[in-house]
Amino acid sequence: MVDQRFPKACRLLDSISYEQVFNKPAIRVSNKYFLILGNWTELEQARLGVIVAKKNIAKANQRNRIKRLIREAFRVKKSSFAPVDLVVMARKGLQLLENSECQPYIHDLMDEIVKKKPST
RNA sequence: UGAGUUGGCCAGGCAAUCGCUAGUUUUUAACUAGAGGAAAGUCCGGGCUCCAUAGAGCACAGUGCCAGGUAAUACCUGGGGGGCGCGAGCCUACGGAAAGUGCAGCAGAAAAUAAACCGCCGCGUUAUUCUUCGGAGUGAUGAGGUAAGGGUGAAAUGGUGCGGUAAGAGCGCACCGCAUGGGUGGCAACAUUCCAUGGCAUGGUAAACCCCGCUGGGAGCAAGGCCAAAUAGGAAUCCAAUGGUGCGGCUCGCACUGGAUUCGGGUAGGCUGCAUGAGCAUUACGGUGACGUGAUGCCUAGAUGAAUGAUUGCCCAAGACAGAACCCGGCUUACCGGCUAACUCAAUUA
């Protein structure tokens, strides 16, 4: 049984954690709808932070939907990651897509990160 | 059956697997609960918190038929006036224009102490025609009278008829309308097929200034309280003085500054505020109703880098607008469809 749980230990919980990722991102992958920054850590598991700006997605219920989508994708793939802090940012236009249309974009980017290894 | 009016309700359902937040317990698991009718816009009204115990006056803002409901309102209920609709019903910032100031394009003679463009009327002067020699008619012109008729306008100082007159005119009369006072009905707004008086004023605009009545102190949960790394030196209480400084837009006013005594103060961060409430359901009684009073039962989201979801299958009417952030009551706006009650109009059948 693969661990697919998503407790608070798997999330970035304060602005310090976010700033560490933004200051020197070792990982930077993106496509039309998402941008992912990441930083290798010494922790036991990967952690996720999500940013969906009001500027990009105007309606609150659409922002919630996209955040859930990103968390769900991370939750399913979590055990495949090396210890890493990720920040996923949503770009404009996502509110026009159905959930099933969005999923390939986020899954592809996460697969890309799974292939990478920490440069020791 | 069709068309319509008003009100109320629902907002995909079920199952399996994997998850999230909170609570409880026998705690590495199980059980329970987990967005809305608008959670939205932040347009009003409150609660709560601090500022001064939240006061007085001015200014400013809001509000505006009457009565009631409510914690309160700009909301709701009932009623009145006006307008629209065949009707059920709908709309209505609906106080004051005889306190003052201002404004009114075009058209029109004139838009406010009314006014004479055309027309109508007699009078004077003059030309001319006719004449029974008294005058009569026509044209031009002058000073007047006239609000009947025409024409302009959204609006032109009551309407119709008769009398009256040179022509006219509420100039007089009748009826209708209007105003004022009284009576009557109504808590009131107001109504009045009641009575009297008045020939009739007082044009419109107050979502123009304004006047009048009523209401409003300010800031907001990033309020405020507690614990507290860092950092800076002050903070609280009492007494004295009435000079200085500061404080909602201003004034009254209030606070601080001085001295003495005491020792904590407070940013990041954390905790709290933060879920028992103007609460919900059922029911009885009072009330036309909004609603109130009582009884019984229930506890029903509480996140904080921010939970309430994903996948699969089945069913149907094929799922819109949209996400709590201190909490309530309203209003407004967005919205796929569907259900339901009462009523109105039209047609058909009996």
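Heavy atoms only: backbone and side chains are in, while hydrogens, waters and symmetry mates are out. All of these numbers come straight from a predicted model, not from anything done at the bench. Chain A is the first sequence line, chain B the second, and so forth, proteins listed ahead of strands; every chain is numbered from 1.
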Which base, if any, makes a Watson-Crick or G-U wobble pair with A306(B), both distances under 3.5 Å?
none

Residue pair Leu12(A) / Val87(A), side-chain heavy-atom distance below 4.5 Å
yes

Ignoring the backbone of Arg71(A), work out which of U308(B), G305(B), G309(B) is nearest its side chain.
U308(B)

Check if the side chain of Arg68(A) and the base of G19(B) share a donor-acceptor pair of N or O atoms closer than 3.5 Å.
no

Out of C18(B), U21(B), G323(B), minimum distance to the side chain of Arg75(A) belongs to C18(B)

Please give the nucleotide sitting opposite C178(B) as a Watson-Crick or G-U wobble pair, both distances under 3.5 Å, or none.
G198(B)

Rounded to whole angstrom, note down the C1' distance from G177(B) over to A136(B).
48 Å

G23(B) pairs with which nucleotide, Watson-Crick or G-U wobble, both distances below 3.5 Å?
C31(B)

Could you work out the separation of G64(B) and G46(B) based on their P atoms and round it to a whole Å?
16 Å

Under 3.5 Å: donor-acceptor pair, side chain of Arg28(A), backbone of Leu37(A)
no

Side-chain atoms of Ile51(A) come closest, of A310(B), A35(B), G305(B), to G305(B)

Anti versus syn assignment for G182(B), with syn defined as within 90° of 0:
anti

With nearest nucleotide decided by heavy atoms, which residue, Leu69(A) or Val87(A), maps closer to the 5′ end of RNA chain B?
Val87(A)

With a non-hydrogen cut-off below 4.0 angstrom, is Gln95(A) in contact with a base, only sugar-phosphate, or nothing?
nothing

Using atom types as modelled and distance alone, determine if a side-chain donor or acceptor of Asn56(A) lies under 3.5 Å from a backbone N or O of Ala90(A).
yes

Nucleotide nearest Ala60(A) (side chain, heavy atoms from C-beta), chosen from G305(B), A35(B), A324(B):
A324(B)

Provide the Watson-Crick or G-U wobble partner of C187(B), both distances under 3.5 Å; none if there is no partner.
none

For Arg11(A), report the nucleic acid contact type (base, sugar-phosphate, nothing); a contact means any heavy atom under 4.0 Å.
sugar-phosphate

Of the listed nucleotides A322(B), A307(B), G309(B), the one nearest the side chain of Lys59(A):
A322(B)

Counting only Watson-Crick pairs (N1-N3 plus N6-O4 or O6-N4) and G-U wobbles (N1-O2, O6-N3), all under 3.5 Å, who is the partner of G89(B)?
C84(B)

Which pair of non-hydrogen atoms, one from Lys55(A) and one from Lys92(A), has the smallest distance, and what is that distance?
O-CE, 4.3 Å

If you look at every strand shown and take non-hydrogen atoms under 4.0 Å, does Arg63(A) touch a base, only sugar-phosphate, or nothing?
nothing

Would you mind pulling out the nucleotide paired to A115(B), Watson-Crick or G-U wobble, both distances under 3.5 Å?
none

How close or far is atom P of A307(B) from atom CG of Leu48(A), stated in whole angstroms?
13 Å

